[in-house]
Amino acid sequence: MDKNGEETRPTFDGMGLPPFPHLLEDAKKRFEELRNLECRKDDIILATYPKSGTHWVWEIVCMILKKKAEYMKETKEFLFLEAIPDISVVDNLASPRPLNTHVPYRWLPRQHIENGGKIVHVLRNPKDVAVSMYHHFNNGKMFEEPVDFKTFYEKIFMGPAPHMGGWFSYEKEFENAEATDTRGAIFTVHYESMKKNPIDETKRLAKFLNVDLTDEIIAEIVDKCSFKKLKEATEAMKDLPNFANRKDPGTVKRIMSRMYRKGEIGDWKNHFTVALNEHFDAFYKEEMKDSKLQVQFE
Ligand code: A3P
């Protein structure tokens with residue numbers, strides 16, 4: 001966004017793009033590589049709209065798959081399909097691969113969908129998503145100058161080419177996919193449920209992934225993935241492989257501290273004015289009038 005508040009990011013297929021150099025260079029190529037990715041039957045794709053709690057749920061998924069409450073030494077970015085400079089690096093990884101992406105459903109790897117491969121989807125109150133994204137963009141210096149929340153909300157979150165196509169389009173597409181998912185391949189976890197009831201939600205997730213875990217291990221996973229512990233562990237020991245320019249631990253720490261900001265439900269109340277909130281509610285009502293999505297607005 002420039003200093004007049006105008007959106008300046010390149011777009012592709014209605015999506016404002018994140019500033020990954022290869023995406024900005026040739027977005028169509030990467031999106032097609034992603035959709036044509038060779039998949040294995042036991043791949044798991046964590047598919048989320050950005051800022052919905054992806055890092056958190058990715059770590060939980062990884063611990064479930066390992067059957068151990070042990071942190072991954074890498075951040076989820078090493079399997080972040082649109083962000084890794086060379087997507088073919090995933091070919092060399094051991095199974096099961098916990099891949100992750102923010103691309104809309106229509107761009108997910110086709111073969112994974114044909115295989116009936118498992119998809120874990122995280123749904124979060126879009127008002128909190130907007131606030132989380134606002135801080136992520138401001139702290140990540142994605143604007144020429146810092147912008148206020150209202151400008152971000154109007155120009156980017158609800159703008160003409162919102163980030164990755166926007167929350168509404170992303171979640172409606174997912175809802176349709178879930179409605180026609182006869183093989184039970186899609187599992188949706190609500191950020192708010194995971195926060196309020198992590199033991200039960202983690203058990204549900206393990207069951208979906210067909211992994212048997214004792215109550216002790218589930219409790220340990222939940223504890224190690226609590227906001228404070230996961231943030232500290234990430235900043236202390238994680239590595240960002242596959243990003244040639246991000247080997248320096250200071251950079252990793254800086255990038256990762258943006259991913260673990262507050263970790264709460266309802267921070268939107270500190271950012272939305274009454275007028276913005278009314279605008280959002282009216283827009284939601286109209287835009288989602290045919291939707292049965294059960295967003296947890298509180
Ligand atoms: P906030 O900015 O509201 O704090 P993503 O991983 O998709 O980028 O989502 C980031 C959001 O998830 C951030 O929200 C972050 O703080 C929150 N988050 C990360 N780890 C969490 C955890 N262990 N528990 C709760 N929220 C977490």
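On a predicted model such as this, the values are computed, not experimentally measured, just so you know. Position 1 is the first residue of the sequence, and the numbers go up from there. Atoms within each ligand, like the ligands themselves, are counted from 1 in listed order.
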If the contact criterion is a heavy-atom separation under 4.0 Å, does [X] count as touching ligand 1?
{"X": "Arg124", "value": "yes"}
{"X": "Tyr191", "value": "yes"}
{"X": "Lys51", "value": "yes"}

Any N or O of [X] closer than 3.5 Å to N or O of ligand 1:
{"X": "Thr54", "result": "yes"}
{"X": "Pro50", "result": "no"}
{"X": "Lys262", "result": "yes"}
{"X": "Tyr49", "result": "no"}
{"X": "His55", "result": "yes"}

Is there a donor in the side chain of [X] and an acceptor in the side chain of [Y], or the other way round, less than 3.5 Å apart?
{"X": "Tyr153", "Y": "His271", "value": "no"}
{"X": "Ser88", "Y": "Asp91", "value": "no"}
{"X": "His190", "Y": "Glu201", "value": "no"}

Would you compute the distance between atom CZ of Phe168 and atom CE of Met158 and round it to the nearest 0.5 angstrom?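 If I round to the nearest 0.5 Å, the distance is 4.5 Å.
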From SG (Cys62) to CD1 (Ile44), nearest 0.5 Å: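 Between atom SG of Cys62 and atom CD1 of Ile44 there are 8.5 Å.
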Only heavy atoms of Ser132, strictly under 4.0 Å: list the atoms of ligand 1 that pass.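 Listed by number with element: 1 (P), 2 (O), 3 (O), 11 (C), 13 (C), 14 (O).
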Give the atoms of ligand 1, by number and element, whose distance to some non-hydrogen atom of Ser226 is under 4.0 Å.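 Near Ser226, meaning under 4.0 Å from one of its heavy atoms, ligand 1 has 23 (N).
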Flag the pair Glu32 and Lys28 as a salt bridge only when some basic side-chain nitrogen lies within less than 4.0 angstrom of an acidic carboxylate oxygen. yes
Inspect the contact between Lys203 and Asp215 and indicate whether a charged nitrogen and a carboxylate oxygen are less than 4.0 angstrom apart.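 Looking at Asp215 and Lys203, the cut-off is met.
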Considering Gly53, Cys225, Gly266, which one's heavy-atom position lies nearest to atom 23 (N) of ligand 1?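 Selected option, by shortest heavy-atom distance: Cys225.
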Counting heavy atoms only, which part of Ser52 comes closer than 4.0 Å to ligand 1: side chain, backbone, both or neither? backbone
Is Lys118 close enough and on-axis enough to Phe208, meaning under 6.0 Å and within 45°, for cation-pi? yes
Are Thr48 and His121 close enough, and set up right, to give a side chain to side chain donor-acceptor pair (under 3.5 Å), and what steps lead you there? CA-CA 5 Å; Thr48 59; His121 168 229; over 6 Å; no
Apply the test ring-ring contact (aromatic ring centres under 6.0 Å, His included) to residues Phe280 and Phe157: give CA-CA distance (whole Å), side-chain angles for both, the deciding distance (0.1 Å), then the verdict. CA-CA 11 Å; Phe280 185 91; Phe157 198 73; 7.1 Å; no
Identify, for [atom], the protein heavy atom at the shortest distance, and state residue, atom and that distance.
{"atom": "atom 19 (C) of ligand 1", "result": "Tyr260 CD2, 3.5 Å"}
{"atom": "atom 15 (C) of ligand 1", "result": "Met259 O, 3.1 Å"}
{"atom": "atom 16 (O) of ligand 1", "result": "Arg261 N, 3.1 Å"}

